[in-house]
2 protein chains.
Amino acid sequence: MSANEAKSTRKGRPAETIGEPALPDETEQAQRFEKARSAQARAVLEDYAELIDDLLTSGGEARPTDIARRLGVSHPTAIKSIARLKREGLAASEVNRGVFLTAAGHELAARARARHRVVVDLLVAVGVPRACAELDAEGMEHHVSDIALAAFSRFLKR
Amino acid sequence: MSANEAKSTRKGRPAETIGEPALPDETEQAQRFEKARSAQARAVLEDYAELIDDLLTSGGEARPTDIARRLGVSHPTAIKSIARLKREGLAASEVNRGVFLTAAGHELAARARARHRVVVDLLVAVGVPRACAELDAEGMEHHVSDIALAAFSRFLKR
DNA sequence: ACACTTATGTAGCCTTGGCTACATACTACC
DNA sequence: GGTAGTATGTAGCCAAGGCTACATAAGTGT
Ligand SMILES: [Mn+2]
Ligand SMILES: [Mn+2]
Ligand SMILES: [Mn+2]
Ligand SMILES: [Mn+2]
């Protein structure tokens, strides 16, 4: 390929003839997808931390079955994810006892809850019905960056 | 537990003493998480379909290495995901040839692209910097329901 | 004390979507 | 036509997050 100016062209395709849509830069696009993937990897941790914190705050324990039921998964699934939280230093528990959050876990939960609320509020503010906003926010929240979150807050303050 | 009115209380916890935050209904919460999980399961298919369609539209082929590079993954990963698209009737290709979309795949791509654009536009409209909007939208889009999307469109038309 | 019920934990399976290493197929070029 | 280089495909590994089935622990009630 020596000093070929463009793209990837095994069969000598014209490449960048003008007039066509023009795709985004390859590297930039790859970074977008990469960011989405890493956000996704954190999503489970965030949801568990937020939920555990909610359960603890609401005057009770955070027990695996409660967690499982609220997440809509089987209890072994919940236990396995809780194990990951522990492994990553976000939660702690002794056998046959409820789950607790470490300082880091509590931090994460607090941020997740605050973000969750802002996302729901923003959706409602732009006209999404409340119930739908609650539904959609559960997945969207994990992809909202700090910058976007700040913008949302500003927008909500008119 | 016979006709116990509430919750789950192995050690006879007071359950719903007033004053505390009051968690959302269990079933409703479970449905939210379930919806987020199923959206996530579709995310890869949507991104691949959208990207393949973009590549085809931009006057070229959709070749596995191009797809892989734009997604920021290795080519075997891309090939494996493309195999899933084929399995689900969204794409087709013969060996050592570029990938094509079936009617269903093209449909999916069109919807994904339209939604993607609206999501970016909405983010920008509420004050998120363009670059950040592009980044965040890549992950958020998959969780935006038709109802929310319609609300976004309405909002964008002032 | 014992039985019953519920909660917890373990084992083992599956799928998805990452990866590397290797083998094969094109295409270009001399 | 042979060789180099790129693209494609295959094999096999891993971790995450689902699941069921089973075993154990802990309360509840008679
Ligand atoms: Mn969530
Ligand atoms: Mn949340
Ligand atoms: Mn996307
Ligand atoms: Mn997209």
Side-chain angles (χ1 to χ4, degrees), chain A residues 1-4 6-13 30 33-48 55 60-88 90-91 93-99 139 142, chain B residues 1-4 6-13 30 33-48 55 60-88 90-91 93-99 139 142:
Chain A
M1 195 180 279
S2 63
N4 192 334
K7 307 288 137 164
S8 52
T9 303
R10 198 162 70 178
K11 337 188 149 163
R13 174 161 44 89
F33 287 116
E34 172 54 36
K35 187 243 173 196
R37 280 192 299 269
S38 80
Q40 196 52 42
R42 275 189 311 264
V44 170
L45 298 178
E46 292 171 349
D47 282 336
Y48 272 77
L55 289 169
E61 292 172 274
R63 293 150 67 214
T65 18
D66 291 343
I67 296 170
R69 201 172 30 232
R70 293 201 109 92
L71 282 162
V73 299
S74 70
H75 82 268
T77 296
I79 288 175
K80 215 192 276 188
S81 296
I82 292 166
R84 190 180 154 208
L85 262 80
K86 294 194 215 172
R87 221 186 315 139
E88 309 209 358
L90 298 167
S93 77
E94 276 111 89
V95 283
N96 291 323
R97 291 254 137 13
V99 184
H142 309 283
Chain B
M1 193 181 278
S2 63
N4 192 334
K7 308 286 136 166
S8 49
T9 303
R10 198 162 70 179
K11 336 189 149 162
R13 173 162 46 87
F33 287 117
E34 172 53 36
K35 187 241 172 197
R37 281 192 298 270
S38 80
Q40 196 52 42
R42 275 190 309 266
V44 170
L45 299 178
E46 291 172 349
D47 282 336
Y48 273 76
L55 289 169
E61 291 172 274
R63 292 150 65 213
T65 16
D66 291 343
I67 295 170
R69 200 171 33 233
R70 293 203 110 93
L71 283 162
V73 299
S74 70
H75 81 270
T77 297
I79 287 176
K80 218 193 274 190
S81 296
I82 292 166
R84 190 180 154 209
L85 263 78
K86 294 194 214 172
R87 222 184 315 139
E88 309 209 357
L90 298 166
S93 77
E94 275 111 271
V95 282
N96 291 323
R97 291 255 140 7
V99 183
H142 309 284

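So you know, we letter chains A, B, ... as the sequences are listed, proteins then strands, and number each from 1. Predicted model, so just to flag it, every value in this text is computed and none were measured.
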Gap between atoms CZ and P, on B/Arg97 and C/dT24 respectively (whole Å): 19 Å

Position toward the 5' end of DNA chain D (nearest nucleotide), A/Val73 or B/Gly98: B/Gly98

Reported OG-to-NE2 distance for the pair B/Ser38 and B/His142, which is rounded to 0.5 angstrom: 13.0 Å

Could you state the interatomic distance from CG (B/Leu90) to CD1 (B/Ile82), rounded to the nearest 0.5 Å? 12.5 Å

Please figure out whether A/Val95 or A/Arg87 has its closest DNA chain D nucleotide nearer the 5' end. A/Arg87

Donor-acceptor contact present, side-chain A/Arg37 to main-chain B/Gly72, <3.5 Å: yes

Could you tell me whether the phosphate oxygens of D/dC19, OP1 or OP2, come under 4.0 Å of any side-chain nitrogen or oxygen in A/Thr77? yes

Send over the distance from B/His142 NE2 to C/dG17 P, rounded to a whole Å. 12 Å

Proximity to the side chain of B/Thr65 - top-ranked nucleotide from D/dA7, D/dT20, C/dG18: D/dA7

Interatomic distance, B/Arg37 CZ vs C/dT16 P [rounded to whole Å]: 16 Å

Length of the NE2-P vector between A/His75 and D/dC22, whole Å: 14 Å

Could you check A/Glu61, A/Arg70, A/Arg63 and say which one makes a side-chain contact (heavy atoms from CB on, under 4.5 Å) with A/Leu55? A/Arg70

What integer distance in Å separates A/Asn96:CG from C/dT10:P? 9 Å

Rounded to the Å, how far apart are B/Arg63 CZ and D/dA7 P? 6 Å

Would you indicate which nucleotide in D/dT10, D/dG17, D/dG18 comes nearest to any side-chain atom of B/Pro76? D/dT10

Can you check the A/Ile79 CD1 to D/dA16 C1' distance for me, whole Å? 16 Å

One pair to check against side chain to side chain contact (heavy atoms under 4.5 Å, CB included): A/Tyr48 and A/Leu71. What are the steps and the verdict? CA-CA 8 Å; A/Tyr48 272 77; A/Leu71 282 162; 3.3 Å; yes

Go through C/dT16, C/dA7, D/dC19 for me and flag the one nearest to the B/Arg84 side chain. C/dT16

Atom pair distance, as rounded to whole Å: CD in A/Glu34 and C1' in C/dG17: 13 Å

